[in-house]
Amino acid sequence: MVSIDETIKNLKTRGFDVSFFEKSEDAVSYLTSSLKGETIGFGGSMTLEALNLFKLLSENNSVFSHWSQEPVDARKRSADAEVYITSANAVAQTGEIINIDGTGNRVASTLFGKKKVYIIIGVNKIAEDYDKALWRARNIASPLNARRLNKNTPCVKGELKCYDCKSPERICRALVVLWNKMSGMEKLEVVIINEELGY
Ligand code: SF4
């Protein structure tokens, strides 16, 4: 059983900002009132989709998302944006934030070149410790993403787990663990919502 209070405390100790909301709509209101007149890049995320954030933030910001716009151009514009919003594949109660990526745009933008990064997660993404968070990212989030994309990989054809495949269609090509907010970044805020969101 994970402790949200402990997770928040440990994320803060590592230099991350944290906000917590019981309901999605409260998190959406917070983000739409905090972000106005910004250039915002989006990482591909079922959580952001579920919150309808592309449409809502586009009302007062320039938002770029390769899931909603021409992908090559949107990825480049997202890379140049000052603010970046994505989710995580897992967050450890001990405060590490884990993302696995295939193209690299999402993990790269959580590391460098942004003034502010927001990582939006449902409580289903929190695991008890680093090993369990890593296991979750590899064996739950990644195979479910491969299934969403209908990839020709063993995690799609077989049991739901990672086979560390060598498939040309492998979607897991890099793993990034954020131990702290990166130097030079003004803010990395983890927005925790007390609901199940995304994979
Ligand atoms: S490495 Fe291969 S088997 Fe493992 S989750 Fe990624 S795509 Fe699936």
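Order of appearance sets the numbers: ligands from 1, and atoms from 1 within every ligand. Quick caveat, the model's predicted, so the values are computed rather than measured.
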Got an N, O or S from C165 under 2.8 Å of atom 2 (Fe) of ligand 1? yes

Are any of the side-chain nitrogens in E189 or K187 under 4.0 Å away from the carboxylate oxygens of its partner? yes

Between D73 and R77, is there a salt bridge with N-O shorter than 4.0 Å? yes

D164 heavy atoms, cut-off 4.0 Å: which ligand 1 atoms fall inside? 4 (Fe)

Can you tell me which residue and heavy atom of the protein come closest to atom 3 (S) of ligand 1, and the distance to 0.1 Å? Y163 N, 3.3 Å

Working to the nearest 0.5 angstrom, can you tell me the gap between S87 OG and E49 CD? 12.0 Å

Among all the protein's non-hydrogen atoms, which is closest to atom 6 (Fe) of ligand 1, and how far away is it? C172 SG, 2.4 Å

How far is atom 4 (Fe) of ligand 1 from the closest protein heavy atom, and which atom is that? C162 SG, 2.4 Å

Should the pair K181-E186 be classified as a salt bridge under the 4.0 Å nitrogen-to-oxygen rule? no

Donor-acceptor pair between S24 and E195 side chains, under 3.5 angstrom: yes

Just heavy atoms, cut-off under 4.0 Å: does N139 contact ligand 1 by side chain, backbone, both, or neither? neither

For atom 8 (Fe) of ligand 1, grab the closest protein heavy atom and report residue, atom and distance to one decimal in Å. C155 SG, 2.3 Å

